[in-house]
Amino acid sequence: EDNELNQLVATELLKKAGLEVELAENGQVAVERVGRRRYDLVLMDMQMPVMGGEEAPRRIRQQFPIGQLAILAMTANAMAGDRERCLAAGMNDHIAKPIEPADLFGKLLQWRPQGAAGRAPSVAARQAANDPAPTPGPAGLDGIAGLDVKAAMGRMMNDRSMYERLLRKFVWGESAAMAATITAQLERGALDEAQRAAPSLKGRAGTLRAAELQARAAALESALKQQATAGEVRTASARLAEELARLVEVVRAILPQPGGERGG
C-alpha cells in the first residue's frame, strides 16, 4: 500500500487485532519481502507505483502457489469486473476500500493458514468491529458539512486519535494540494496521471467519509474515463478543487498542524 492514509488505517486495525504487520510501500518491495520471509497472509493494493497489484501477485505466485499463501486484494474498485481482475492476477479474495473492520477481520479468519489460530484476530477486536462502542467524535468536527465523523470513526473501531491523525495528515499534507496537482496534469495533457490521481483522492475522501469531496472526485474520474469534453473535465476539476479547499480550510481551523509530522 503506497497511500499513507490507507497505510495508517490498515496497520492500526491489524495491530488492534493482535497481528504482526510489515508494510511494503510498493509491489516490488512486497515481492522482495515475500521472497525473504514466510508470511501468513498478504494484503495488497491493486494500484501502486514501481510494480502494481496485478504484476506483483503474479511474481509471488511463481514462488508460492495459490494454496500455499493467501493474497487478498485491497482496492476501491469494487465492481464485479474489478474483482475478476484481482482473481485473474492470483489473488484469493477481495477487500473493498474504505476498509470495513468486520469485513477485514472476516476475510482474515477465512484465509488464515491452518495452524495459525493463535495469530487470528482477537475476539475483542472482532467484537469491536461488529459492534463498536459509541464514542463522541473529535470536538468541533461533527458540525462540518460534508464530513461524517461518526461513520468514519465506526470504520476505525471508534479510535478518536486515529481519526484525528488521518485528518491532520490529509489537510496538512500532500492531499490538500491534490486538486491543484490534477489541474496542472490536465493543463499539460497528462490525462493518465490525472486518471490515477482522481480515484486516489476519491479513496482518501472515502476513508474520511467526506461524502461531497468523494462525489466530486468520482465525477472527475468518470469524466476522464468517459473522455468527456475539455469543458466538462475543467468544470468537474474546478468543482473538486472548490470542495477540497473548503474542507481543508475548515478542518485546519480545528486541527492545528502537527509538529514535524508528514502529511498524506
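Taken to the nearest 0.5 Å, the CG atom of Leu72 stands 5.0 Å off from the CD1 atom of Ile95. The line from NZ of Lys225 to CG of Leu220 is 11.5 Å long, rounded to the nearest 0.5 Å. The distance from the CZ atom of Arg252 to the CG atom of Leu167 is 12.5 Å, given to the nearest 0.5 Å. Put simply, OG on Ser200 and CE on Met178 are 4.0 Å apart, with the number rounded to the nearest 0.5 Å. Remark: Leu208 CG to Met153 CE distance equals 12.5 Å, nearest 0.5 Å. Atom CG in Leu14 sits 9.5 Å away from atom CG in Leu41 (nearest 0.5 Å).
Applying the salt bridge (charged side-chain N to carboxylate O under 4.0 Å, His left out) rule to pairs touching residues 52-70 yields Glu54-Arg85, Glu55-Arg59, sequence neighbours excluded. Each side chain to side chain donor-acceptor pair (under 3.5 Å) pair with one or both residues in residues 62-73, not counting sequence neighbours, would appear here, but there are none. The list of salt bridge (charged side-chain N to carboxylate O under 4.0 Å, His left out) pairs with a residue in residues 177-190, not counting sequence neighbours, reads Arg188-Glu193.
Using modelled atom types, no side-chain atom of Arg33 and backbone atom of Gln28 make a donor-acceptor pair closer than 3.5 Å.
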Check the pair Lys202, Glu212 against salt bridge (charged side-chain N to carboxylate O under 4.0 Å, His left out), reporting the backbone distance first and the verdict last. CA-CA 10 Å; Lys202 180 185 72 174; Glu212 183 61 27; over 6 Å; no
For residues 235-242, please give each side-chain donor-acceptor pair under 3.5 Å, one per line with the distance, not counting sequence neighbours.
unit_1, atom_1, unit_2, atom_2, d
Thr235, OG1, Gly231, O, 3.0
Ser237, OG, Thr183, OG1, 3.4
Glu242, OE1, Arg216, NH1, 3.1

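A salt bridge does not link Lys16 with Glu12: every distance from a Lys NZ or Arg NE/NH1/NH2 to an Asp or Glu carboxylate oxygen is 4.0 Å or more. Using a 4.0 Å cut-off between a side-chain N of Lys or Arg and a carboxylate O of Asp or Glu, Lys107 and Asp103 qualify as a salt bridge. A salt bridge is defined here as a Lys NZ or Arg NE, NH1 or NH2 lying under 4.0 Å from an Asp or Glu carboxylate O, and Arg36 with Glu22 fails to meet this definition.
Of all non-hydrogen atoms in Trp111 and Asp93, the two that sit nearest each other are NE1-OD2, 2.9 Å. Taking each heavy atom of Asp159 and Ser161 in turn, the nearest pair found is OD1-OG, 2.7 Å.
Considering only heavy atoms from C-beta on, Leu69 comes within 4.5 Å of Val42 through its side chain. Contact annotation: the side chain of Leu186 approaches that of Leu224 to within less than 4.5 Å [non-hydrogen atoms, C-beta and beyond].
Residues passing the side chain to side chain donor-acceptor pair (under 3.5 Å) test with Arg246, sequence neighbours excluded: Glu243. Legend: residues meeting side chain to side chain donor-acceptor pair (under 3.5 Å) with Gln195, ordered by chain and number and at least two apart, are absent.
When the shell of 6.0 Å around CD of Glu249 is examined, it contains 12 or fewer heavy atoms from other residues, nucleotides or ligands.
Cation-pi geometry between Arg165 and Tyr163 is not met at under 6.0 angstrom from the ring centre and within 45 degrees of the axis.
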